[in-house]
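Notes follow the structure.
These numbers come from the heavy atoms of this one structure, side chains and all, not from hydrogens, waters or symmetry mates. Treat the numbers as computed from the prediction; the structure is a model and nothing was measured. This chain uses plain numbering: 1 for the first residue, then up along the sequence.
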Amino acid sequence: CVYKNNSSCPGRFNQIKFKSSLFHIHHWLIHLLLLPFSYFIKNNKLKYFYIGIQLGGIFHGIFTYKDWYIILK
């Protein structure tokens with residue numbers, strides 16, 4: 001992750017370093033993991049809102065970034 005002025009990203013909370021490998025948890029993957037929890041929401045209005053937020057995060061992450069499929073570096 002590099003900004004336009006070539007400074008590195010200040011936060012890397014979604015990256016796990018293990019020896020020489022870097023495991024990058026993209027935000028679309030986080031939304032994909034949270035999606036099944038919509039089954040447990042009882043209120044119908046909140047349930048569909050939650051599903052919409054999660055699906056939007058998945059689509060945004062996949063269709064916006066060119067490296068969306070690179071998880072292990």
Looking at CG of Leu55 and CH2 of Trp28, how far apart are the two atoms once the value is rounded to the nearest 0.5 Å?
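Leu55 CG to Trp28 CH2: 13.5 Å, rounded to 0.5 Å.
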Per-pair distances, 0.1 Å, donor-acceptor, side chain in residues 29-41, under 3.5 Å, sequence neighbours excluded:
unit_1	atom_1	unit_2	atom_2	d
His31	ND1	Gln54	OE1	2.7
Ser38	OG	Leu35	O	2.8

Just to verify, what does Phe49 make a ring-ring contact (aromatic ring centres under 6.0 Å, His included) with, not counting sequence neighbours?
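In terms of ring-ring contact (aromatic ring centres under 6.0 Å, His included), with neighbours along the sequence ignored, Phe49 is linked to no residue.
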same_hphob_cluster([X], [Y]) at 4.5 Å side-chain heavy-atom cutoff:
X: Leu46; Y: Tyr48; answer: yes
X: Tyr69; Y: Ile58; answer: yes
X: Ile53; Y: Ile62; answer: no

Restricting to pairs with a member in residues 55-66, which pass side-chain hydrogen bond (donor to acceptor under 3.5 Å, both in side chains), not counting sequence neighbours?
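Non-adjacent pairs meeting side-chain hydrogen bond (donor to acceptor under 3.5 Å, both in side chains): His27-His60.
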